[in-house]
Amino acid sequence: SCSRWRKNEAAGGLWPVACGYWDLFHEPQSTHYKPRRRRTVTRLSRYVTAELIPPLLAGTLLFTAILSFGYFFISSQWLSGVPVGLIGRWIGYQVPDTLVKVFPMAVVLMTVVAFGRMSTERELVAVQSGGVGLGRVARPALLLGLLIAALSAFLSLWIAPKANVETRGLYWDVLTG
C-alpha cells in the first residue's frame with residue numbers, strides 16, 4: 001500500500017496512488033495524509049536498558065559494601081563499647097562519599113557485563129543484521145552513564161561535603177570521645 005493520495009475526479013474522491021512514476025514527481029494533494037510518528041523509546045532501547053540495570057545495581061551494592069566494610073574495619077579499633085545505632089549512623093554518613101567513588105566502577109561493570117553477554121549470545125550481530133548500528137544500541141548505555149554522572153556530580157558537590165563534616169564530627173566527638 002502506498003502512503004500517498006491523489007484526487008481522482010472520475011472516481012469521486014481521494015484514492016491511493018500506486019507507488020511508481022507519478023510519486024516521483026508529485027507531492028500528495030490531500031491534507032489527510034499524516035506521517036506516522038516515530039516512537040522515541042523503541043523496544044530495542046527498553047531491552048538494552050533492561051540488560052543494563054541489573055549489573056549496575058549489583059555493582060553499586062557490591063562496591064558500596066566493600067568500601068563501607070573497609071572504612072568500618074580501619075576505624076573499628078577505636079569503637080569499643082559504642083551503641084550499634086551510632087555506628088550505623090556513622091556508616092550512613094559515609095555512603096554519599098562512597099557512592100561518588102563507586103558509581104564510575106559500577107557503570108564500567110554495567111557496560112562490560114551487559115554488552116559482553118549480548119555479544120556472547122550473538123544479539124549484537126542479530127541487531128546489526130537487522131540494519132541497526134551499534135551506536136543506536138549503545139545509546140541507552142550512554143544516557144544511563146550520563147544520568148549516573150550527573151547524580152555523582154550532585155552528590156560530590158552538595159551532599160558529600162556536608163556528610164563528611166557530619167562523619168568527622170560524629171566520629172571524633174561522639175564515637176571516640
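Please read these numbers as outputs of a predicted model, since none were measured by experiment.
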query: Would a hydrophobic clustering, with Ile, Leu, Val, Met, Phe, Trp and Tyr connected at side-chain separations under 4.5 Å, put Trp158 with Val100?
result: yes
message: Starting from Val107, can I reach Leu147 by hopping between I/L/V/M/F/W/Y residues whose side chains sit under 4.5 Å apart?
response: yes
query: Can you check whether Tyr47 reaches Thr42 side chain to side chain, under 4.5 Å on heavy atoms?
result: no
query: Do Val108 and Leu134 share a hydrophobic cluster, counting only Ile, Leu, Val, Met, Phe, Trp and Tyr and linking them when any side-chain heavy atoms are less than 4.5 Å apart?
result: no
- prompt: Say you draw a straight line from CE of Met110 to CG of Leu144; how long is it, rounded to the nearest 0.5 Å?
  reply: 4.5 Å
task: Drop me the distance from Ile148's CD1 to Leu155's CG, to the nearest 0.5 angstrom.
output: 10.0 Å
message: Quick check on the hydrophobic clustering: are Phe73 and Val102 connected, directly or via other members, by side-chain heavy-atom contacts under 4.5 Å?
response: no
- request: Work out which heavy atom in Gly59 is nearest to a heavy atom in Leu109; give both atom names and the distance.
  value: CA-CD2, 3.5 Å
- request: Scan for salt bridge (charged side-chain N to carboxylate O under 4.0 Å, His left out) pairs involving residues 103-118, sequence neighbours excluded, and state none if there are none.
  value: Glu51-Arg117, Arg117-Glu121, Arg117-Glu123
field: Closest contact, heavy atoms only, Ala50 versus Pro54
entry: O-CD, 3.1 Å
field: Residue that, paired with Pro140, satisfies side-chain contact (heavy atoms from CB on, under 4.5 Å) out of Val41, Thr49, Ile53
entry: Thr49
query: Could you walk me through whether Val48 and Phe115 pass the side chain to side chain contact (heavy atoms under 4.5 Å, CB included) check?
result: CA-CA 9 Å; Val48 172; Phe115 284 104; 4.3 Å; yes
- prompt: What about Tyr93 and Phe63, same hydrophobic cluster or not, with Ile/Leu/Val/Met/Phe/Trp/Tyr joined at side-chain heavy-atom distances under 4.5 Å?
  reply: no
statement: For Phe103 and Ser152 the tightest heavy-atom approach is CD1-CB, 4.0 Å
- prompt: Rounded to the nearest 0.5 Å, how far apart are CG of Leu146 and CG of Leu151?
  reply: 12.5 Å
message: Please give me the minimum heavy-atom distance between Pro96 and Ala160, naming the atom from each residue.
response: CB-CA, 4.1 Å
- prompt: If you measure from CD1 on Ile159 to CG on Asn164, what distance do you get to the nearest 0.5 Å?
  reply: 11.5 Å
task: Evaluate the side-chain proximity of Ser45 to Arg136: yes if any heavy-atom separation is below 4.5 Å, no if none is.
output: yes
- prompt: Measuring from Lys101:NZ to Leu99:CG, what's the distance to the nearest 0.5 Å?
  reply: 11.0 Å
field: Spacing of CE belonging to Met118 relative to OG1 belonging to Thr120, to within rounding of 0.5 Å
entry: 10.5 Å
query: Leu86 and Leu170: which non-hydrogen atoms are nearest, and at how many Å?
result: O-CD2, 3.9 Å
task: Using modelled atom types only, decide if a donor and an acceptor are shared between the side chain of Ser129 and the backbone of Ala126 within a distance under 3.5 Å.
output: yes
